[in-house]
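What follows is a short report on a single structure.
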Amino acid sequence: MNVGVLTGGGDCPGLNAVIRAVVKRGMQLGLEFTGIRDGWKGLVEPSTTKLTNEAVSGILPVGGTILGTSRTNPLKNPKDTETVINNVKALGLDAIVCIGGDDTLGVAAKLFERGIKTIGVPKTIDNDLSGTDFTFGFDTAVSIVTWALDRLHSTTESHQRVMVVEVMGRHAGWIAVYGGIAGGADVILIPEKPFDVDEVCAHVLNRKKRGKKFSLVVAAEGASPKEAHGAITKDKELDAFGHVKLGGIGEFLAGEIEKRTKLETRHVVLGHLQRGGTPTAYDRILATRFGVKAAEMISEGRFGRMVALQGNRIVDVGLDEATSKLKTVDMEMYRTAEIFFG
Ligand code: F6P
């Protein structure tokens, strides 16, 4: 069986660990592998590479993806969808392991309905895919946010300032909540809960009562101030999956906090630092377990499904279940974070 492997959407620490595990386990099971370059783009304009034990050796700790990635959406144009289906046949691919977030796996679900044997592996630093407790890449992103908050803590305290830290999280605030709790944030703002700027200022001013002289505010990029009626965006342009480019909440909020509280305020945008570089040990292990399971599912003919973590067990769920709705922040977790606000 010749199995295609592709990585789509934003890159994420642990992608190479999945590729390595799929290939190593799959070869033990008698499968052959073809790497598809740059996500779905490599099937619209065919671009592939042979994946052997040798090709995947040494990539476990390497960030990014050896296959390249893109946000190409072959469902946007029916002609591209047909091209992909024809190219899968022309390249002799019997099945495809699709490593991606809701966009990439949404395409995998639709292609499965069209007769292509797809298997999904849940990737995103945002941790917003349903059906799995965690996606790989999230733990690395949280570690980087925690590291950044620890460093910002000392400079913010020395100057008795307010520091607003903008983190990733388009529709879900998982990174903000986990990173914020681990780094001791005084306020955490997430897309799931539109916020009132005056309330944030009240939390910041409340620090005096708590005997504190500085404040760390963590805002997910998708967090929306009620007065702005939506998230702050960089421009109006949409990508192939209809997403707008977010960014600017940190700068906006820092300006408003300084104006309204008269406290000296700075902001930092962590941006792609959260996505680059080597995965944590946790993500390497999760990605490896996901990859092994994906290879075994191919061998067992379990297509149209996504590998998933439930509790500490690796299971599989339907691709349609995983992609039909986003997994937003658990409000019980947010309430734990709120105990430390102010
Ligand atoms: O989907 C993951 C993610 O990192 C989001 O948190 C963020 O909004 C987006 O990707 C950024 O995408 P790009 O790298 O294309 O700017």
### Message
With a 4.0 Å cut-off on N to O distance, would you call Arg260 and Asp198 a salt bridge?
### Response
yes
#### Entry: Cationic N near anionic O, under 4.0 Å, Lys259 to Glu256
yes
### Query
If you take all heavy atoms of Pro13 and Gly276, which pair is closest and at what distance?
CG-O, 4.3 Å
### Task
Determine whether the aromatic ring centres of His153 and Phe214 lie less than 6.0 Å apart.
yes
### Message
Checking the side chain of Lys208 only, and the main-chain atoms of Leu205 only, is there a donor and an acceptor separated by less than 3.5 Å?
### Response
no
### Query
Where do Ser70 and Asp38 come nearest, in terms of heavy atoms and distance?
OG-O, 2.8 Å
### Query
How far apart are the C-alpha atoms of Leu246 and Ile232, what are their side-chain angles, what is the distance that settles it, and do they pass the side chain to side chain contact (heavy atoms under 4.5 Å, CB included) test?
CA-CA 6 Å; Leu246 293 175; Ile232 312 275; over 6 Å; no
### Co-membership, hydrophobic cluster, residues Leu60 and Val56, 4.5 Å side-chain
no
## Note on the structure
Between the CD1 atom in Ile96 and the CD1 atom in Ile36, the distance rounded to the nearest 0.5 Å is 4.5 Å
### Task
State, yes or no, whether a side-chain contact exists between Arg313 and Gln310 at a heavy-atom distance under 4.5 Å.
no
### Query
Are any non-hydrogen side-chain atoms of Pro225 and Ile249 less than 4.5 angstrom apart?
yes
### Query
Can Val145 be reached from Met333 by stepping across I, L, V, M, F, W or Y side chains whose heavy atoms are under 4.5 Å apart?
yes
## Note on the structure
From the list Ile314, Leu309, Val315, side chain to side chain contact (heavy atoms under 4.5 Å, CB included) with Thr132 holds only for Leu309
#### Entry: Side-chain donor/acceptor of Arg284 to backbone N/O of Thr278, under 3.5 Å
no
### Message
Measuring from atom OG1 of Thr280 to atom CG of Asp139, what distance do you get when rounded to the nearest 0.5 angstrom?
### Response
3.5 Å
### Task
Could you walk me through whether Leu51 and Ile66 pass side chain to side chain contact (heavy atoms under 4.5 Å, CB included), step by step?
CA-CA 10 Å; Leu51 285 177; Ile66 59 163; 4.2 Å; yes
### Query
Between Asn2 (side chain) and Gly92 (backbone), is there a donor-acceptor pair under 3.5 Å?
yes
### Task
Mark yes when over 12 heavy atoms from residues, nucleotides or ligands other than Glu300 sit less than 6.0 Å from its CD; otherwise mark no.
yes
### Message
Pair Asp126, Phe138 - check side chain to side chain contact (heavy atoms under 4.5 Å, CB included), show working.
### Response
CA-CA 6 Å; Asp126 289 1; Phe138 171 65; over 6 Å; no
### Query
Can you tell me if Glu166 uses its side chain to pair, donor with acceptor, with the backbone of Gly271 under 3.5 Å?
no
### Query
What do the steps show when you test Asp11 against Arg275 for salt bridge (Lys or Arg N to Asp or Glu O under 4.0 Å), and what is the final call?
CA-CA 7 Å; Asp11 73 340; Arg275 257 178 34 197; 3.0 Å; yes
### Task
Measure the shortest side-chain to side-chain distance between Ile285 and Phe136 over non-hydrogen atoms and say whether it is less than 4.5 angstrom.
no
#### Entry: pair Asn86-Val84: side-chain heavy atoms closer than 4.5 Å
no
## Note on the structure
Only residue of Thr48, Thr49, Thr69 satisfying side chain to side chain contact (heavy atoms under 4.5 Å, CB included) with Arg37 is Thr49
### Asp186 and Arg210: CA distance, side-chain angles, deciding distance, salt bridge (Lys or Arg N to Asp or Glu O under 4.0 Å) verdict
CA-CA 11 Å; Asp186 299 296; Arg210 293 201 173 205; over 6 Å; no
### Message
I'd like to know if Asp128 and Arg170 make a salt bridge, using a cut-off of under 4.0 Å between side-chain N and carboxylate O.
### Response
no
### Student check: side-chain heavy atoms of Lys50 and Glu32 closer than 4.5 Å
yes
#### Entry: Sequence neighbours excluded, every pair satisfying ring-ring contact (aromatic ring centres under 6.0 Å, His included) that has a member inside residues 237-288
His171-His243
### Query
Do the ring planes of Trp174 and Tyr178 sit parallel (below 30°), tilted (30 to 60°) or perpendicular (above 60°)?
tilted
### Exam field: side chain Asp94 to backbone Met1, donor-acceptor pair closer than 3.5 Å
no
### Task
Could you tell me whether Glu221 and Lys245 make a salt bridge, using a distance below 4.0 angstrom between a side-chain N and a carboxylate O?
no
### Query
Stepwise, does the salt bridge (Lys or Arg N to Asp or Glu O under 4.0 Å) test hold for Asp316 with Arg302?
CA-CA 9 Å; Asp316 57 84; Arg302 297 175 67 75; 2.8 Å; yes
### Task
Please say whether the positively charged group of Lys110, taken as NZ for Lys or CZ for Arg, lies over the ring of Phe112, i.e. under 6.0 angstrom from the six-membered ring centre and within 45 degrees of the axis.
no
### Task
Check whether any side-chain heavy atom of Leu189 sits under 4.5 Å from a side-chain heavy atom of Val187, and report yes or no.
yes
### Query
Do other residues, nucleotides or ligands put more than 12 heavy atoms under 6.0 Å from Glu251 CD?
no
### Query
Distance from Arg305 atom CZ to Lys117 atom NZ, nearest 0.5 Å?
16.0 Å
### Message
Within this structure, what is the NZ-CG distance for the pair Lys327 and Asn127, rounded to the nearest 0.5 Å?
### Response
3.5 Å
### Task
Would you confirm whether Thr265, through its side chain, and Leu263, through its main-chain N or O, come within 3.5 Å as a donor-acceptor pair?
yes
### Rounded distance (nearest 0.5 Å) linking atom CD1 of Ile99 with atom NZ of Lys123
10.0 Å
### Task
Decide yes or no on salt bridge (Lys or Arg N to Asp or Glu O under 4.0 Å) for Glu264 and Arg266, but give the supporting numbers first.
CA-CA 7 Å; Glu264 203 179 10; Arg266 297 284 188 270; 3.3 Å; yes
### Message
Within the structure provided, determine whether Ile190 and Val177 are in side-chain contact (heavy-atom separation under 4.5 Å).
### Response
yes
### Summary
So NZ of Lys193 and CD1 of Ile188: to nearest 0.5 Å the spacing works out to 12.0 Å
### Task
Check whether any side-chain N or O of Thr7 sits under 3.5 Å from a backbone N or O of Leu67 as a donor-acceptor pair, and report yes or no.
no
### Query
Got Phe195 and Val200 here, is their nearest side-chain heavy-atom distance under 4.5 Å?
yes
### Message
Between Arg20 and Ser57, is there a side-chain donor-acceptor contact under 3.5 Å, judged purely by atom types and distance?
### Response
no
### Task
Check the hydrophobic clustering (I, L, V, M, F, W, Y; side-chain heavy atoms under 4.5 Å; chains of links allowed) and say if Phe303 and Ile116 are grouped together.
no
### Query
Taking only residues two or more places apart in sequence or in another chain, which ones pass side chain to side chain contact (heavy atoms under 4.5 Å, CB included) with Ala240?
Asn73, Lys76
### Query
When you measure from the side chain of Lys213 to the backbone N and O of Arg161, does any donor-acceptor pair fall under 3.5 Å?
no
### Query
Judged by atom type as modelled, is there a donor-acceptor pair below 3.5 Å linking the side chain of Asp239 to the main-chain atoms of Gly242?
yes
### Query
Does the Asn16 side chain pair with the main chain of Gly63, one donor and one acceptor, at a distance under 3.5 Å?
yes
#### Entry: Within one Ile-Leu-Val-Met-Phe-Trp-Tyr cluster: Met306 and Ile119, side-chain cutoff 4.5 Å
no
### side-chain hydrogen bond (donor to acceptor under 3.5 Å, both in side chains) assessment of Asp283 paired with Thr140
CA-CA 7 Å; Asp283 276 336; Thr140 307; 2.5 Å; yes
### Task
Consider only side-chain heavy atoms of I, L, V, M, F, W and Y, link residues closer than 4.5 Å, and tell whether Val18 and Leu93 are in one cluster.
no
